[in-house]
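Comments concern the structure below.
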Amino acid sequence: MPPPLKIGITCYPSVGGSGILATELGSQLAQRGHEVHFISYEMPFRLDTSQANLFFHPVNINEYELFKYPDYTLPLSVKMAEISQQFGLDILHAHYAVPHAVAAILARQMLGGDRPRVITSLHGTDTTLLGKDPNYQPIIKHAIECSEGVTAVSQSLREQTKSTFGIEKEIEVIHNFFEPREPTKTRQQVREELGLEDEFLVLHMSNLRPPKRIDHLLKIVASSRHRDRLKLLILAGGNFAPYVPLVKELGLEKQVIVKDYVLDIENYLNTSDLGLYTSQHESFGLSILECMFYGHAVLTTNAGGILEVVVNGETGFAYDVGDTESFVKGLDFLIENQEKLREMGNAGRKRAGDLFNSERIVGHYLDYYRNILSDDESTSS
Ligand code: GMT
């Protein structure tokens, strides 16, 4: 049995797939006996520090008159170096190249040795958004090249990263995983709380940022011939207010239910009938996977890495971004064909459980960590 590892994890603590994934990864590693230290400006959403082997170290940010903009990267780097030294970390696992991997590389340089090794996980926007910005592109490329290990959450993101930055660096694809939790309320209870009777419940969970195309989502619901017996439940990790005028314009006030920053997503996942996703960019689509784990068919765009998660025609239907007409046909078809809806939901649950379970993916991360550390030993001896 190899000895347990000491791992530092830095992620965005806000609601979002990468933070949720990093938090669950840390929790799973701690359950397996590894020592996990989260380093961030805030306690990650969903992190439970009462768990054994799991610690949180806040980064303190002071505001100085001299700085027009507060700086986070340098105090983060100092904290990473301090925690690495104090606890003898083997690995700093940065979720996102900027600013996290950049800070981790600086921390290692400050410490002067070759530990901790830096592993950078790419989740999407480092490549798809910031990678196109000349103010960030070179530093992201530098962070990727200086990390001992780099992972991407999909094949699609790996290819896009290689072409965006023109790099040869090996990138390990490690798909996301999800650990479904038992609902604490019955379907009936949740439906009553939501004020539902026998409506068909369509679920969307996201941070509502522009690439999610909430405008498309609303137009699809508005164009369904079943709109009067439909409800769209949005579990929002962002501000819905900018979309309220469109809801009114489309006359969807009675159809749309928004709940903010929900922690017990399992209760809503268990109660819904279908997942709906209209993203323009999506490197993986963790919330699509969450729907699949709860046995729901998903209607989605075919953007980015989504087709590594969803199988078009088997676990749901995938359409081109903005093809609202096809989405509406798919939605109406599944509302009218409950047997097909169930069949697709079951196929999705099976695929999610077979390919994206925590055992498999956390095991992959652990093998990868050990590989990176063994490279380290072979080069230093
Ligand atoms: O866009 C989001 O939903 C948030 C973003 C994040 O950083 O949390 O999500 C990215 O990482 C997730 C976890 O790996 C992926 O499932 C999402 O597809 C990815 N988002 C984009 O690529 C736009």
Side-chain angles (χ1 to χ4, degrees), residues 5-30 34-49 51 53-62 70-111 114-127 130 136 139-140 142-153 157 171-172 174 176 207 283 286 362 365-366 368-369 372-373:
L5 299 175
K6 296 186 176 192
I7 305 152
I9 294 184
T10 293
C11 61
Y12 286 114
S14 49
V15 190
S18 61
I20 289 169
L21 188 279
T23 306
E24 191 59 41
L25 175 62
S27 160
Q28 293 279 338
L29 290 166
H34 303 283
E35 192 177 300
V36 180
H37 296 264
F38 277 86
I39 307 166
S40 185
Y41 60 86
E42 219 168 62
M43 178 100 103
F45 186 72
R46 295 194 195 173
L47 182 70
D48 173 12
T49 44
Q51 200 190 321
N53 305 325
L54 208 145
F55 307 90
F56 171 65
H57 309 279
V59 177
N60 300 316
I61 305 161
N62 292 322
D71 169 53
Y72 174 54
T73 310
L74 300 181
L76 171 63
S77 186
V78 168
K79 183 57 86 178
M80 284 171 156
E82 188 186 305
I83 300 300
S84 299
Q85 197 163 41
Q86 188 180 344
F87 296 95
L89 298 188
D90 300 301
I91 283 169
L92 275 174
H93 188 169
H95 292 262
Y96 272 101
V98 280
H100 305 147
V102 174
I105 288 159
L106 269 174
R108 200 199 38 229
Q109 278 175 0
M110 268 189 288
L111 292 170
D114 53 12
R115 290 284 174 106
R117 308 312 272 167
V118 175
I119 294 183
T120 299
S121 281
L122 301 171
H123 286 270
T125 43
D126 276 331
T127 298
L130 299 183
Y136 282 101
I139 191 74
I140 297 172
H142 179 73
I144 291 175
E145 283 172 339
C146 292
S147 301
E148 280 70 39
V150 181
T151 75
V153 296
L157 182 60
I171 300 178
E172 181 89 352
I174 307 186
N176 287 330
N207 52 29
S283 62
L286 188 60
V362 176
Y365 272 113
L366 271 169
Y368 189 65
Y369 288 164
I372 296 295
L373 289 167

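Remember, predicted model here, so these are calculated numbers, not experimental data.
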Where is the tightest heavy-atom contact between [X] and [Y], given as atom of each residue plus distance?
| X | Y | answer |
| --- | --- | --- |
| Leu157 | Gly124 | CD2-N, 3.5 Å |
| Leu106 | Ser77 | CB-OG, 3.2 Å |
| Ala30 | Asn53 | O-ND2, 3.0 Å |
| Ser84 | Pro116 | OG-CG, 3.5 Å |
| Gly26 | Val36 | O-CG2, 3.6 Å |
| Ile39 | Leu76 | CG2-CD1, 3.9 Å |

With a 6.0 Å cut-off (strictly less than), is the heavy-atom count around [atom1] of [X], excluding the residue itself, greater than 12?
| X | atom1 | answer |
| --- | --- | --- |
| His142 | NE2 | no |
| Phe56 | CZ | yes |
| Gln85 | CD | no |

Would you say [X]'s side chain and [Y]'s backbone share a donor-acceptor pair under 3.5 angstrom?
| X | Y | value |
| --- | --- | --- |
| His34 | Leu5 | yes |
| Thr23 | Leu47 | no |
| Asp126 | Ala97 | yes |
| Ser121 | Thr151 | no |

Which of Leu54, Leu89, Thr10, Ile9 passes side-chain contact (heavy atoms from CB on, under 4.5 Å) with His37? Answer is Leu89
Quick one, [X] and [Y] - any side-chain contact, counting heavy atoms below 4.5 Å?
| X | Y | result |
| --- | --- | --- |
| Asn60 | Pro75 | no |
| Ile372 | Ile91 | no |
| Ile105 | Ser147 | yes |
| Leu29 | Tyr369 | yes |
| Ile144 | Ile140 | yes |

Give, for atom [atom1] of [X] and atom [atom2] of [Y], the distance between the pair rounded to the nearest 0.5 Å.
| X | Y | atom1 | atom2 | value |
| --- | --- | --- | --- | --- |
| Thr73 | Met80 | OG1 | CE | 9.5 Å |
| Tyr365 | Ile7 | OH | CD1 | 12.0 Å |
| Thr120 | Glu145 | OG1 | CD | 11.5 Å |
| Tyr368 | Glu172 | OH | CD | 5.5 Å |
| Ser18 | Leu25 | OG | CG | 12.0 Å |
| Phe38 | His93 | CZ | NE2 | 10.0 Å |

What is the ring orientation for Tyr12 with His100, classed by angle as parallel under 30°, tilted 30 to 60°, or perpendicular over 60°? tilted
Tyr41 and Tyr72 aromatic ring geometry - parallel, tilted or perpendicular at 30°/60° bounds: perpendicular
Assess, by modelled atom type and distance only, whether the side chains of Tyr96 and Thr125 contain a donor and an acceptor separated by less than 3.5 Å. yes
Reference residue Asp90; test salt bridge (charged side-chain N to carboxylate O under 4.0 Å, His left out); the match among Arg115, Lys6, Arg108: Arg115
